[in-house]
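Step one of this worksheet: look at the structure below.
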Amino acid sequence: MSEKKKGKQKVVKEESDEEDDEEYRWWEAENAKGDGTVKWNTLEHNGVYFPPEYVPHNVKMKYDGKEVHLEPEAEEVATFYAAALNTEHVENPTFNENFFRDFKATLDNSDKNPPIEDFKKCDFTPILDHLEREKEKRKAMSKEEKQKLKEEKLQLEEKYGYCYLDGRKQKVGNFRIEPPSLFRGRGKHPKTGSLKLRVQPEQVTINIGKAAKVPEPPAGHSWNKVIHDNTVTWLATWKENVNENIKYVFLAANSTLKGQSDFKKFEKARELKDIVAKIRHDYNKDMTNKVTAIRQRATAMYFIDRLALRAGNEKKEGEEADTVGCCSLRFEHIRLEAGNTVHFDFLGKDSIRYQNTVTVDGQVFKNLKLFQRHKESDKDQLFDRVNTQELNKHLSSYMDGLTAKVFRTYNASHTFQEQLKNTPVSGSVNEKILAYNRANREVAILCNHQRTVSKTFDNQMNRIEDKIRALKYQKMRLKKTMLTLDPKLKKKRPELDEPESDLGEEWCEEYEKHLEEKEKDRLRKKFEKDNEKRKSEGKGPLSESELNEQLEEAEEKTKQLSKERKTGKMEVKKSQTVEKVEAQIEKVNERIKVVNLTKVEKEENKTTALGTSKINYIDPRISAAWCYKHDVPIDKIFNKSLRDKFKWAMEVDKNWKF
DNA sequence: CCTTGCGACTCAGAAACGTTTCC
DNA sequence: AGGAAACGTTTCTGAGTCGCAAG
């Protein structure tokens, strides 16, 4: 529990904004995976940042129609609730009950106010109005004011955002102590709406190198403890009051420490690759074991391996949302159907619904039926003789450090690498990226990474479709132009005479009208602007009739478009030739293709979140090798922070295999 | 020995924020 | 040209996993 070595420690240096000194290439060092216990030898940092004290606004809420005065402590809590008024939380009785219980506890009973006892009589809208006005004010701030705020933020990051670990500068992840708020659990969390209290320095433990200068707690305060434990990676910790969970300040994702454990994680998954066949063979054999516990374990392992389910630890009933993983599945979560079909329907991590219909091996199906025979209630555990500790203990007999979650990593990366084989070798960069994202999506679906559909999804989709139709409209006109230029083509190239799909008469008319309106708008604006200019030059305004003439022209143009569309006889400019128009069509075709690709991707991404698998499950070396092999710039698939996080993975050969 | 709770870490989606694109 | 919508990135913090020690 102490530092092995007392390295010389530098005083935390002034930031030199210049290029950082030599990048430390830990992955080239002797002991790239680290030895597992000692995480650092020296550690310097500036502690944590506490949110500013509450500043009362003195806007009064109403109780039973009358304004009430609240002491700052209560006002703050009322304000948290007011800020939630436009969210669905306030529709949730649990949220309201928990809030109201904690809110009442902050009220000063000696007050001259009437006692606040009935939640229904509370009216927080005056505070919400105030919050909205404040928001407006912030939006309307001058450039200078905004700049000032930005600089203050930067200064904070400068001070707390970095530490020195073994003398090397590293980014700190969450140096801000979490501000007080109303706890918002995911799903049906029994404690949602409870007051998460302000964290005091007296609750915070600092972990720092022995030789380093201990950061000052805020004036008038002291730290809970200062320790020097180099077997852990955190810089500070405290206990949160709602669930009594421990919170930590860790380093950022691009730090060497996190990079090393990422590397280790993927190497572990690659190790599994070599023995997965044996493990599969074994659990298939165990499917028919006489001992129920072993049969159950084999069946559970089948799910973990084939469906990438999470282990499924036990949860505290009544204190957390009711969610499950593999080992905690209950009979109510599966439905068996003839043909070895299993329907899964349960809430997983973050209360994300897992719905899947799978055709399983015959013996798996038989086992499930067998387990079912002994059930007394749907609420009973499917695998009542299996738990995660035991399952993981079994797994670790195959390989040091093998646990259920390694299967998720292994299967994700393996699936990804397999899916990438569908990359079109001679396709454009865009098409290759589409294939990459498709592979990514397969992994996200496997891991059930979901996101809520954006409110404007349908809107966005319609706009893309209109964009495609507009292009098709252009193409339709170009094709007609070709035929007008050379009527003989009608026979030679019958496709030129075919109507564009998805382009109804009605839509065309509307579109032509839309073009007309746009043009008219443009003309009116130009007219106004010209007049202003003339005025400033001391000239008289242009006559209205001039504008009206132009507007009429626009109307004429619409009629012309409509006529041309119906007769197929186009007015052709002298300079146009069949070849030129042909080239134009080609260009439009290209654009249609591109827009169609974005449409397809958007649709496929509607409820699937690609980020989590990209960040946590897919070995970045697969992506890097793919980029090199297919000549795709790496920044097309990894943004700045991902490139930074995955520095260690960027130097693989194009033939590297997971 | 098994069970339970704690501690430390990874993984998770939403919200906030900043930038680009579109009209 | 300028404001809104869309899009991409970052931040936030809750929710898991899993090892370990204590009972």
Side-chain angles (χ1 to χ4, degrees), chain A residues 36 39 87 135 138-139 146 149-150 153 157 161 173-179 181 183-187 189 191-192 196 205 207 229 231-234 237 239-240 242-253 257-258 261-262 264-265 310-316 320-321 323-328 347-352 387-393 395-396 401-409 412 444 447-452 454-457 459-460 463-464 467 514 517-518 521-522 525 529 598 602 605 607-617 638-642 644:
Chain A
K39 304 291 167 42
T87 71
K135 203 170 169 188
R138 245 171 295 139
K139 232 166 126 187
K146 281 183 182 165
L149 283 181
K150 218 172 159 181
K153 201 178 150 216
E157 275 161 22
N174 54 328
F175 59 80
R176 273 172 240 267
I177 294 282
E178 293 173 15
S181 64
F183 171 77
R184 286 153 150 93
R186 310 268 170 91
H189 198 296
K191 298 195 179 177
T192 189
K196 189 167 98 172
T205 297
N207 189 29
D229 184 352
T231 68
V232 296
T233 67
W234 51 266
T237 183
K239 195 178 247 179
E240 150 271 342
V242 177
N243 298 292
E244 309 214 290
N245 285 331
I246 310 165
K247 301 274 184 166
Y248 300 92
V249 174
F250 288 122
L251 296 194
L257 228 41
K258 295 273 188 197
S261 63
D262 238 24
K264 252 164 91 175
K265 172 179 76 184
R310 296 186 185 84
N313 282 312
E314 232 120 275
K315 297 183 79 176
K316 285 182 231 146
E320 296 171 279
T323 67
V324 296
C326 184
C327 294
S328 48
L347 296 182
K349 181 175 179 180
D350 289 321
S351 293
I352 298 292
N387 61 41
T388 55
Q389 302 95 293
E390 194 192 12
L391 189 132
N392 280 337
K393 207 176 135 200
L395 288 175
S396 70
L402 182 61
T403 63
K405 96 190 246 292
V406 182
F407 279 83
R408 239 167 113 81
T409 312
C447 296
N448 199 36
H449 292 144
Q450 297 190 18
R451 59 175 193 164
T452 50
S454 106
K455 276 184 214 133
T456 53
F457 180 85
N459 229 340
Q460 291 171 27
R463 283 169 69 153
I464 292 182
K467 209 168 163 183
H514 165 77
E517 285 309 319
K518 241 172 80 179
D521 247 23
R522 192 186 68 84
K525 274 192 189 139
K529 219 177 144 195
T598 61
K602 198 175 189 77
N605 278 338
T607 58
T608 312
L610 303 191
T612 304
S613 51
K614 200 179 201 174
I615 294 168
N616 299 302
Y617 287 103
F638 286 154
N639 63 29
K640 174 86 174 53
S641 22
L642 282 185
D644 214 20

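Just so it is clear: chains get the letters A, B, ... in the order the sequence lines come, proteins before strands, and each one is counted from 1.
Partners of A:S261 according to the side-chain hydrogen bond (donor to acceptor under 3.5 Å, both in side chains) rule, which considers only residues two or more places apart in sequence or in another chain, do not exist here. Taking the side-chain contact (heavy atoms from CB on, under 4.5 Å) definition, one finds that A:A412 meets it with A:V443, A:C447, A:Y617, sequence neighbours left out. Judged as a side-chain hydrogen bond (donor to acceptor under 3.5 Å, both in side chains), and not counting sequence neighbours, A:K349 has no contacts. Here A:F638 pairs with A:F646 under the ring-ring contact (aromatic ring centres under 6.0 Å, His included) rule; sequence neighbours left out. For A:F407, there are no ring-ring contact (aromatic ring centres under 6.0 Å, His included) partners, not counting sequence neighbours. A:R184 pairs by the salt bridge (Lys or Arg N to Asp or Glu O under 4.0 Å) definition with nothing, not counting sequence neighbours. Scanning for side-chain hydrogen bond (donor to acceptor under 3.5 Å, both in side chains) contacts around A:E178 gives A:K196, A:K247, with sequence neighbours left out.
Backbone-only contact: A:K196 has heavy atoms under 4.0 Å from sugar-phosphate atoms and none from a base. Counting any heavy atom pair closer than 4.0 Å across all strands shown, A:G325 reaches no nucleic acid atom. Contacts of A:K455 with the nucleic acid, taken as non-hydrogen atoms under 4.0 Å apart, are absent. Looking at heavy-atom distances under 4.0 Å, A:N313 makes contact with a base. Residue contacts shown for A:G611 are absent, as no nucleic acid heavy atom lies under 4.0 Å away.
In terms of position on DNA chain C, the residue among A:N459 and A:G173 whose nearest nucleotide sits closer to the 5' end is A:N459.
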What pairs of nitrogen or oxygen atoms, one from the protein and one from nucleotides 3-6 of chain B, lie under 3.5 Å apart?
none

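Regarding A:E390, its CD atom lies at a distance of 15 Å from the P atom of B:dC1, rounded to whole Å. The CG-P distance, from A:N207 to B:dG7, rounds to 14 Å in whole Å.
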Under 4.0 Å protein heavy-atom contact, by nucleotide of nucleotides 12-23 of chain B - B base, S sugar-phosphate only = SBS-------S-
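Ring orientation note: the planes of A:Y248 and A:W234 are tilted relative to one another, at an angle of 30° to 60°.
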